[in-house]
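Presented below is the structure to which this report refers.
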2 protein chains.
Amino acid sequence: MDEKDDRRTRKRLATRQSISDTATRLFLERGFDSVTIDEIAAAADVGRMTVFNHFPRKEDMFFDREEEIQALAFDAIRKRGPGVSPIEATRKLAHDLVTQDHEFVMLSGDTSWFIKTAMASEALKARAREMRDDFTRALAIVLADTSNQPTGDPNAHLAAGLIVSTWNVAFSEAQKLFDRTRDAGEAKRCFLAVIDRGTAGAAAALAKTAYA
Amino acid sequence: MDEKDDRRTRKRLATRQSISDTATRLFLERGFDSVTIDEIAAAADVGRMTVFNHFPRKEDMFFDREEEIQALAFDAIRKRGPGVSPIEATRKLAHDLVTQDHEFVMLSGDTSWFIKTAMASEALKARAREMRDDFTRALAIVLADTSNQPTGDPNAHLAAGLIVSTWNVAFSEAQKLFDRTRDAGEAKRCFLAVIDRGTAGAAAALAKTAYA
DNA sequence: ATCCCAATATATACTGAGTATATTTAAGGG
DNA sequence: CCCTTAAATATACTCAGTATATATTGGGAT
């Protein structure tokens with residue numbers, strides 16, 4: 001009863017999409033902080049409350065694909081091959097994403113406007129940190145779950161923390177390098193180098209546990 | 001000319017302390033989010049703008065010792081013994097803080113109200129995440145600096161990320177355990193166990209670099 | 001003392017995100 | 001064609017934070 005294909009649902013999604021598109025355009029034109037909700041509502045030709053109806057927080061209009069990213073990681077862990085540790089599965093995921101030039105890696109001129117716009121706003125950086133925390137918590141649960149360990153196992157939280165920290169550093173260092181050199185190949189090598197180092201560290205930390 | 005001991009400075013600091021004390025009391029009584037700046041100003045018998053004069057953000061009235069904590073860590077790294085790696089120095093710091101029951105470790109009933117109040121507020125959690133990020137960035141600089149590596153060395157950022165992540169998990173897991181068992185000794189052992197594991201991982205990740 | 005300067009405190013008015021609530025509009029289902 | 005309900009909207013509010021102008025008060029000089 002949730003994903004019905006009736007006109008009501010179509011209209012709701014159309015309205016949502018229209019707001020999202022309008023907001024994204026304005027954010028890129030003038031920066032996140034200097035666009036107000038009222039402007040977005042006016043530009044999308046909807047009432048102010050309709051905006052909050054679809055996006056409880058202003059930041060939700062910018063980060064609209066959190067769940068997809070989480071699902072990508074959790075799938076990689078859940079569907080890993082036999083004999084592959086969860087930590088190794090995250091390393092493999094990083095390499096796969098880079099070799100198939102996945103859009104989420106965003107090491108190209110096409111997508112770095114997204115990073116730049118996000119990094120220019122304290123509010124968006126705060127939301128990104130919150131998402132990172134939520135992801136870390138959820139990752140710990142998935143790790144424990146797929147390794148037959150009790151929920152809340154401290155080692156699962158340590159593993160999740162080290163992995164997320166590694167990915168975070170890998171992303172930001174690769175992005176910095178790309179900004180400096182405009183060389184996507186070099187940036188990708190940097191990304192994977194950090195991933196490999198960090199993952200090796202996580203594996204060492206979790207040696208003799210179910211996670212490595 | 002900054003830390004003059006004249007009456008003007010004494011009055012300014014007294015006003016600041018009065019606001020801080022009043023705010024802390026109200027936060028603990030009724031929770032951070034349900035205390036307004038106006039109430040704090042009224043209770044401290046100062047004008048509203050005076051509050052913002054001393055504390056640009058509401059959260060600054062709660063977290064008032066960020067610099068002390070950072071200095072503690074940076075001193076431990078800067079003043080480490082010869083032949084001690086920076087990563088090992090952070091491990092040693094953790095053990096020292098626990099054995100001398102330092103107030104910042106806060107694994108006792110006296111201080112956990114602080115954690116509880118902070119964790120009950122999204123705004124305070126967001127500020128804590130921001131402080132964590134700032135600290136990680138500063139730590140990377142100190143690590144590179146005291147290891148004669150170039151500023152911005154990716155390995156320094158990886159080391160900083162892994163260390164901070166480890167401490168973060170150690171704190172929260174120990175806190176959770178203390179809440180469950182009310183056994184400070186057990187909580188401390190958990191704290192140090194996570195620290196040792198995570199630090200070993202960081203050292204492994206940074207093997208053959210200047211940081212381990 | 002008294003005059004001047006600068007730091008601090010304060011008053012007033014504003015912006016903008018987010019909430020609460022009531023009302024209207026329009027789609028689906030009998 | 002009604003009836004129910006989801007979605008959109010209008011209005012009014014709270015509160016943090018900013019801008020700016022003014023008042024107060026301590027320190028330093030003559």
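Naming: A, B, ... by sequence-line order, numbering from 1 per chain.
Put simply, CG on A:Asp60 is 14 Å from P on C:dA17, counting in whole angstrom units. Atom CZ in B:Phe52 sits roughly 17 Å away from atom C1' in C:dT8 (whole-Å rounding). Remark: P of C:dT19 and NZ of A:Lys58 are 15 Å apart, rounded to the nearest angstrom. Rounded to an integer number of Å, the gap from B:Asp33 CG to D:dC15 P is 12 Å. Distance CZ (B:Arg10) to P (D:dT25): 16 Å, rounded to an integer number of Å. Atom pair B:Glu122:CD and C:dG18:P shows a separation of 13 Å (rounding to whole Å applied). In this structure, B:Phe62 atom CZ and D:dA16 atom C1' are separated by 18 Å, rounded to whole Å. Summarising the geometry, the separation between CG on B:Leu13 and P on C:dA7 is reported as 15 Å, rounded to the nearest angstrom.
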Polar atom pairs between nucleotides 23-27 of chain C and protein, under 3.5 Å, N or O only, would you list them?
from: C:dA27; atom 1: OP1; to: A:Lys11; atom 2: NZ; distance (Å): 3.0
from: C:dA27; atom 1: N3; to: A:Arg8; atom 2: NH2; distance (Å): 2.6

With 3.5 Å as the limit, what N/O pairs link the protein to nucleotides 10-14 of chain C?
from: C:dT10; atom 1: OP2; to: B:Gly47; atom 2: N; distance (Å): 2.8
from: C:dT10; atom 1: OP2; to: B:Thr50; atom 2: OG1; distance (Å): 2.5

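For A:His54 and D:dA8, the shortest distance from a side-chain N or O to OP1 or OP2 is below 4.0 Å. Distances shown here put a side-chain N or O of A:Arg57 below 4.0 Å from the OP1 or OP2 atom of C:dG18.
At a cut-off of 3.5 Å, with distance as the only test, a side-chain donor of A:Thr146 or A:Arg80 sits close to an acceptor on the other residue. Side-chain contact, A:Thr9 with A:Asp6: a donor N or O sits under 3.5 Å from an acceptor N or O.
Ion pairing of B:Glu103 with B:Arg65 is present here, as a side-chain N (NZ or NE/NH1/NH2) and a carboxylate O approach within less than 4.0 Å. Salt bridge absent: A:Glu130 and A:Lys125 never bring a charged side-chain N and a carboxylate O closer than 4.0 Å.
Within the 4.5 Å cutoff, the side chain of A:Leu107 has no heavy atoms near those of the A:Phe171 side chain.
Scanning both residues, B:Ser20 and B:Asp64, for their nearest heavy atoms gives OG-OD2, 3.9 Å.
For the salt bridge (charged side-chain N to carboxylate O under 4.0 Å, His left out) test, no residue two or more places apart in sequence or in another chain qualifies with B:Arg189.
Taking the six-membered ring for Trp and thresholds of 30 and 60 degrees, A:Phe191 and A:Trp167 have ring planes more than 60 degrees apart, a perpendicular arrangement.
Between the side chain of B:Ser18 and the main chain of B:Ala14, no donor-acceptor pair closer than 3.5 Å is present.
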